[in-house]
Amino acid sequence: MNKHMQTSSIERSTVGKGIAHDSAKKHVAGQAIYIDDMAELPGTLHAALVVSTIAHGIIKSIDAADALAMQGVHLFLTAKDIPGHNDIAPIMSGEPLFADKKIEHLGQPIGVIAADNIELAVKAAHAVKVEYEVLEPVLDVETAHERKEYVLPPQELIQGDVDAALKDAAHVFEGRLEIGGQDHFYLETQIAYTVPGEDDDMLVYSSTQHPTEVQHHVAHVLGNLANSVDVKVRRMGGGFGGKESQATIIASAAALVSHKTRKPVKLRLKRALDMTATGKRHDMVSKWRVGVDANGKILGMYVEYLARAGYSADLTGPVITRAITHTDNAYFVPNARIVGHACKTNTVSNTAFRGFGGPQGVITSEAIIDQIARELNLAPNDVRAINYYAPDNGEVTPYGQQVEQNQLVPVTEALLASADWDRRRTEIDRHNATNPVIRKGLAMMPVKFGISFNLPSLNQAGALVHVYQDGSVHLNHGGTEMGQGLFMKVAQVVAEVFQIDVDRVKITETQTGKVPNTSATAASTGSDLNGMAAFNAASAIKSRMLGVAAKHFQTDETDVTFKDNQVHAKGQSIPFSELAKLSWAHRVSLSEAGYYATPKIHWDAKTLKGRPFFYFTYGAAVAEVAIDTMTGESRCLRADILQDCGESLNPAIDLGQIEGAFVQGMGWLTCEELWWDKAGRLRTIGPSTYKIPGSRDVPPEFNVSLLNNASNIEETIFRSKAVGEPPLMLAISVYLALKDAIGSNKDRNFDLKTPATPENILSSLSGSANR
Amino acid sequence: MAQAISFTMNGKPVRVSVRPDTTVLDLIRGPLGATGTKEGCAEGDCGACTVLLKREGINGGVANAANACIMTAAQIDGAEITTVEGLAHEGVLNLLQEAMAENGSSQCGFCTPGIAVALTGLLANNSAPNEEQIHDALAGNLCRCTGYRPIVEAAKKAAGKIQLAASAETSHSASSEEISFDGAVARCPTSLAELLQARRELPNATLLAGGTDLGVARAAYEKDWSSIIVTNNVKELRQTQEDATGWTFGAAVTWQEVLNHVGEALPSFGTLIRRFGSTQIRSMGTIGGNIGTASPIGDGPPALIALGAKITFASVDGAQKTMPLEDFFLDYRKTELPQNGVIVSVHIPKPKADEHFRVYKVSKRYDQDISTVCGAFWIKMSGDNIEDVRLAFGGMAAIPKRARQAETALKGKPLTAENIFAAGQLLGEDLTPLTDWRGSATYREQVATALIKRFMHDLNGETVEVMAL
Ligand SMILES: Cc1cc2nc3c(=O)[nH]c(=O)nc-3n(C[C@H](O)[C@H](O)[C@H](O)COP(=O)(O)OP(=O)(O)OC[C@H]3O[C@@H](n4cnc5c(N)ncnc54)[C@H](O)[C@@H]3O)c2cc1C
Ligand code: FES
Ligand code: FES
């Protein structure tokens, strides 16, 4: 049962309507075209990556003779064949496309081989013989931290005086939490199709969230200028952050083969290689000391993160920043010292994943609250309530941003009521008193999430809108469609501006040649940024059309209204299409490149202070679980969610984002376990070994609502709020409910590492050492 | 000998010359140009490649969801498949597709064709599925975007409204007993004698039943097969016999068919089979293949051993032998099966009134996961005392194995917590689990002990599983 509680104060024609995903019909018919479905051009070669089979060492020799002798195998390229730069680091430098000497993780690309078909390419890749001098790998963050092996210097945020606060505190608690990583498991694995053109031109079809980065890296690797590369993305079969920086590996390798052979090249990773060779969510260890007064109010905390960067920086820096800036979650922390270490391990370089460090910060925050409640024998929600940022907008986060439009109290109170907390709490306690084997647990938690890229320069976007003479509209922008419904939301914005039906707006593939210098579609900002850029473009065209209309109706522009595919003034009307034709006849431009830069934000990356976020979103969840205390098996029985989406651009799409994110978050915290063997080989590299939630894992009772009357106080696109990432963290309620169930057997705090697999739950129950 | 494979796809006859070991997914996406069906994993686990497969005389002759990625062309000769492109009638989406498109059942859309096919398969065979049956039908389909709720609701909305197009005249039944192309050959014998003859003539051939074990390496392009012998049409291997004493299943009987026969009489076994892979896997995977693969983590063997099943196999010269299934497994993936022999059938005795059977599977995920531990227990009571008992485990040793010492400790004693505890202490005498990604050795030991306790609670009528809530 789901209720769309969303009501809007303003009547709009298209924005705010629950219109289905633009490709919904094509999806169900199998007619939506993904890169691997595109008709292949004649002469297309298929490429496969050759990757290292050891985690750490030096390449002694590479022998591709057997592979190249296979019939239908064309060529094999390595680092020395790269005409430009062997570097695809998204932020820093020194992250090679192909390892040329040093191997730093198992699955690291060493070269690319091309053949007539993918089967042959994969077989040929396996036939390339690489000899190594094997070195001892570092596989865990604690060891890396001990040896001071980092990919970046530590980041440290200091607010107030923690030492003094802890000294004066009535209680000081120490804790440690092992937070598991997560594979994106987008259903479509990484893929690129590159088509060489005249001169040095390279057309790249890439399943990427960041076409601009692919463009720049392909150019860089080929030693060409960015203007020689055009990147196109119609849709991805899922991204979740995994196709932000990682897609460049695949696109650059394919482009390299195209460059050498002047032939179209397709490179698609088989699932096992995708999971071996591309980065994941950072697993982290967080450690803390928190000081509280007698009531459990936080006076200060010291928190340290050991993040598994993997072998290189990739996006680890900003991921840690976001963990640090979400360690407060919903709670006022007057004194804080929060440190993040980017630990270097001989594992694949970790990367962006929905939430981008936020989840690790929020779960740490909630584990601290949970510990305070358990140690002081208080109800966790009471501890939460006395620590919430005060509702008067006055309080400031440890990084110096005022908490504005604070919805914590309204959201959590409304949710506790709608989820029937009090009655269920009593029932569950009663159940647990009489059922020794199957225990139940219940928990509520809020999420406050900051919206904007931490790095201010990324918060800009462009859009390109054309109106044709028949009144149809062509829409293009820098955002990419990975399933999140961005294309429809932005089309709704444009339809709203022109007051035309949304199906008059042609949604077109993202293309670097049309809208340049874009940011990744990430950090939940897709519709905020691109919606605004498209709004600006459409509004500029509309204002020019208004002038034409005013002339036509012989009236003032202010008298002219656009409504229902028509333009009205003085009791007359003409179709929008006629005005388009008129505008053309009057030699008025019907095309505009719109641009948007998020206002108000600033950030000092050294001190980690400023106003990194344009605004906050608020949400809360209540989860109920059951555990089997003999085997550790668990199940989420019910979840209730209330999420602030501002004035939702599209409540149906937002609902889908919330539900999907919650289930993905549940997977991260319960069943999805990454398991490396002692040689540094990831052994969970397919759905048979890496278990994402299935349909039966979704709570059988799942109530999701959007917060009413929640118009964003900031001037976002139609006062909406971002939704892509925040609800993922609501799944932490499931983790806390599991702790609640386990805690029914315990009188003190205890550790529960994530993912809370049956084994980890049983280990918490018995208190025995973890494996 | 035929040079081509013939089958019906979306109502139209297809005749295509490909190597018989080509995966059906590569065949339909490649030469046949139907790209609606997707590859998400190529290991039978994500369902993006789901097609409906209808084979005469198998699974009741109705269309069943199956994974195209791990199925080879050799297996669909003479069959009928429906891909996502075949769901719409004359360009009009079926009502399930409509419901999915309307209610947000797709986000990125990559899982969607497979889900539309799987649910169409469900609804075509069951016009009023309950929630659990919908989950059973979806267990083999992963969606990373939606959280499934809208997908389940679309299935409910479309219930009662889905029919598959009437089958076209199939181009032929599985008549081509040998298909050969590009240096690869497939034999499709129809009798045990022919099968054994094929084994003699092609001693290096891959013996292929449902392919749900073998197909995984094939789909990863780690292996190819220059000769294949398909068991699907061997009538002796396709037989099922049921009488008052028990069931005899031919080795090529699918798990779906086994479920249809035993689900009611052995509800606990039924639950296990419903968790065996997915609808897709059960419609292809066979009981004989599960034994033939001799995996220490297979679910069939512990359950069958606890039930006291017997296996019958034939050596390549035709001599047949029957033995208790537990004796069949010798060591890690080593069995009594003689070189190039074949498993013929499995006999499962029906438990009598004073005999009780339960099987429990513990895994990271409830559906479509491989057991961390599978515990299968059979007990025969004599008054208040245990007269006989079999405690069989999967995932606890190199082979599916009974805990003999613990069994001995229980015999002649009443089923009490103390006796179960004492028996649990002895599990280590027979069981020596490993540590891997599914669980540590310690955890496996804890679970094995827990499961025999669960057995006792279960027999007392208590709720023993979180899924029962
Ligand atoms: C996604 C997925 C999920 C799975 N889930 C489970 C699960 O939950 N539990 C579980 O136990 N297994 C599971 N499996 C494994 C597999 O489905 C089963 O083992 C199945 O029963 C194998 O049967 P098959 O007919 O497909 O075997 P095939 O793959 O065709 O063959 C398997 C082996 O048995 C041999 N063989 C087949 N028939 C005979 C015969 N008549 N005589 C001698 N040898 C023979 C073959 O030569 C081969 O070595 C799963 C597999 C996949 C891909
Ligand atoms: S592609 Fe995943 S099951 Fe076939
Ligand atoms: S819609 Fe993306 S995986 Fe299901």
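Numbers restart at 1 for each chain; the letters A, B, ... are given by sequence-line order, proteins then strands. These values consider heavy atoms only, across backbone and side chains, with no hydrogens, waters or symmetry-generated copies. Because the structure is predicted, anything quoted here is derived from the model rather than measured.
Salt bridge present: A:E633 and B:R454 bring a charged side-chain N and a carboxylate O closer than 4.0 Å. In summary, A:K691 and B:D367 do not engage in a salt bridge, as defined by a charged side-chain N under 4.0 Å from a carboxylate O. A salt bridge is defined here as a Lys NZ or Arg NE, NH1 or NH2 lying under 4.0 Å from an Asp or Glu carboxylate O, and A:E672 with B:K364 fails to meet this definition.
Listed options B:G104, B:C41, B:A116 were ranked by heavy-atom pairs under 4.5 angstrom with chain A; first place goes to B:C41. Among A:T670, A:V122, A:I19, the residue making the largest number of heavy-atom pairs under 4.5 Å with chain B is A:V122. The most heavy-atom pairs under 4.5 Å with chain B, out of A:K440, A:M275, A:M38, A:H184, come from A:H184. For the options A:K270, A:H21, A:M236, A:Q31, heavy-atom pairs under 4.5 Å to chain B are most numerous at A:K270. Looking only at heavy-atom pairs under 4.5 Å with chain A, the residue among B:L451, B:V362, B:L138, B:V447 that has the most is B:V362. Contact tally against chain A (heavy-atom pairs below 4.5 Å) for B:P150, B:G147, B:A139, B:A219: the top residue is B:G147. Taking A:I33, A:D274, A:I118 one by one and counting their heavy-atom pairs under 4.5 Å with chain B, the maximum is reached by A:I118. Most heavy-atom pairs under 4.5 Å with chain B: of the set A:R635, A:M666, A:M482, A:K25, this distinction falls to A:R635. In terms of heavy-atom pairs under 4.5 Å with chain A, the best-connected choice from B:Q368, B:E132, B:H135, B:H457 is B:H135. Note: A:P758 leads A:A626, A:A20, A:P758, A:C671 in heavy-atom pairs under 4.5 Å with chain B.
In this structure, a donor-acceptor pair under 3.5 Å is absent between the side chains of B:T146 and A:E659. For the residue pair A:E759 and B:Q446, no side-chain donor N or O sits within less than 3.5 Å of a side-chain acceptor on the partner. Counting only N and O atoms by type, the side chains of A:H27 and B:S106 include a donor and acceptor under 3.5 Å apart.
Side-chain atoms of B:M467 and A:R696, non-hydrogen and from C-beta on, do get closer than 4.5 Å to each other. Using a 4.5 Å cut-off on side-chain heavy atoms (C-beta onward), B:K38 and A:D37 make contact. With a 4.5 Å cut-off on side-chain heavy atoms, A:D36 and B:T35 do not count as touching. Residues B:S105 and A:V28 form no side-chain contact, since every pair of their non-hydrogen atoms from C-beta on lies 4.5 Å or further apart. By the 4.5 Å heavy-atom criterion applied to side chains, B:R144 and A:Q664 are counted as neighbours. Looking only at side-chain heavy atoms (C-beta outward), B:R438 and A:T689 come within less than 4.5 Å of each other. At least one side-chain heavy atom of B:C145 sits under 4.5 Å from a side-chain heavy atom of A:F240.
Taking CE of A:M630 as the reference point, atom CD of B:E465 lies at 10.0 Å (rounded to 0.5 Å). Put simply, CZ on A:F185 and SG on B:C46 are 6.0 Å apart, with the number rounded to the nearest 0.5 Å. Atoms CZ and OG1, from B:F110 and A:T189 in turn, are 6.5 Å apart once rounded to the nearest 0.5 Å. Here B:T435 contributes atom OG1 and A:D677 contributes atom CG; the two are 12.5 Å apart, rounded to the nearest 0.5 Å.
More than 12 non-hydrogen atoms from other residues, nucleotides or ligands lie less than 6.0 angstrom from CZ of A:R638. With a 6.0 Å radius and a threshold of 12 heavy atoms from other residues, nucleotides or ligands, B:K157 has its NZ atom above the threshold.
Contacts between B:Q97 and chain A at a heavy-atom distance below 4.5 Å involve backbone atoms as well as side-chain atoms. Heavy atoms closer than 4.5 Å to chain A are found in the side chain of B:A48, but not in its backbone. For a residue to count as touching a neighbouring chain, one of its non-hydrogen atoms must lie under 4.5 Å from one of that chain's; by this rule B:D136 touches chain A with backbone and side chain alike. With a 4.5 angstrom heavy-atom cutoff, B:A101 touches chain A via backbone and side-chain atoms both. Proximity to chain B involves both the backbone and the side chain of A:I692, based on heavy atoms less than 4.5 angstrom apart. Interface residue B:L93: only side-chain heavy atoms are found under 4.5 Å from chain A. In this structure, the portions of A:A29 lying under 4.5 Å from any heavy atom of chain B include both its backbone and its side chain. Contact of B:V464 with chain A is made through the backbone alone, with heavy-atom distances under 4.5 Å. There is no contact between B:E131 and chain A, counting heavy-atom distances below 4.5 Å. With a threshold of 4.5 angstrom between heavy atoms, B:E39 approaches chain A through its backbone and through its side chain. When heavy atoms are compared at a cutoff of 4.5 Å, B:L96 does not approach chain A at all. A:I653 does not touch chain B: none of its heavy atoms, backbone or side chain, sits under 4.5 Å away. For B:S363, the part sitting under 4.5 Å from any heavy atom of chain A is the backbone (N, CA, C, O) and nothing else. Of the two parts of B:A34, neither the backbone nor the side chain holds a non-hydrogen atom closer than 4.5 Å to a non-hydrogen atom of chain A.
A distance-only check finds a donor-acceptor pair linking the side chain of B:Y443 to the backbone of A:T631 [under 3.5 Å]. Between the side chain of A:R683 and the main chain of B:D436, no donor-acceptor pair closer than 3.5 Å is present. B:E43 places a side-chain N or O within donor-acceptor distance of the main-chain N or O of A:S688, the cut-off being under 3.5 Å. Distance alone, capped at 3.5 Å, places no donor-acceptor pair between the B:R149 side chain and the A:S695 backbone. Within the 3.5 Å criterion, the main-chain N or O of B:G109 finds a donor-acceptor partner in the side chain of A:Y34.
What you find for A:L187 and B:C111 is that their closest heavy atoms are CG-CB, 4.2 Å. Residues B:V466 and A:D628 share a closest heavy-atom pair of CG1-N, 3.7 Å. Taking every heavy atom of both residues into account, B:C108 and A:G237 meet most closely at SG-C, 3.4 Å.
Of the listed residues (A:E481, A:Q657, A:Q484), just one forms a side chain to side chain donor-acceptor pair (under 3.5 Å) with B:Q107, and that residue is A:Q657.
Residues passing the salt bridge (charged side-chain N to carboxylate O under 4.0 Å, His left out) test with A:E119 are A:K123, B:R218, sequence neighbours excluded. B:E222 meets the side-chain contact (heavy atoms from CB on, under 4.5 Å) test with B:A217, B:A220; sequence neighbours excluded.
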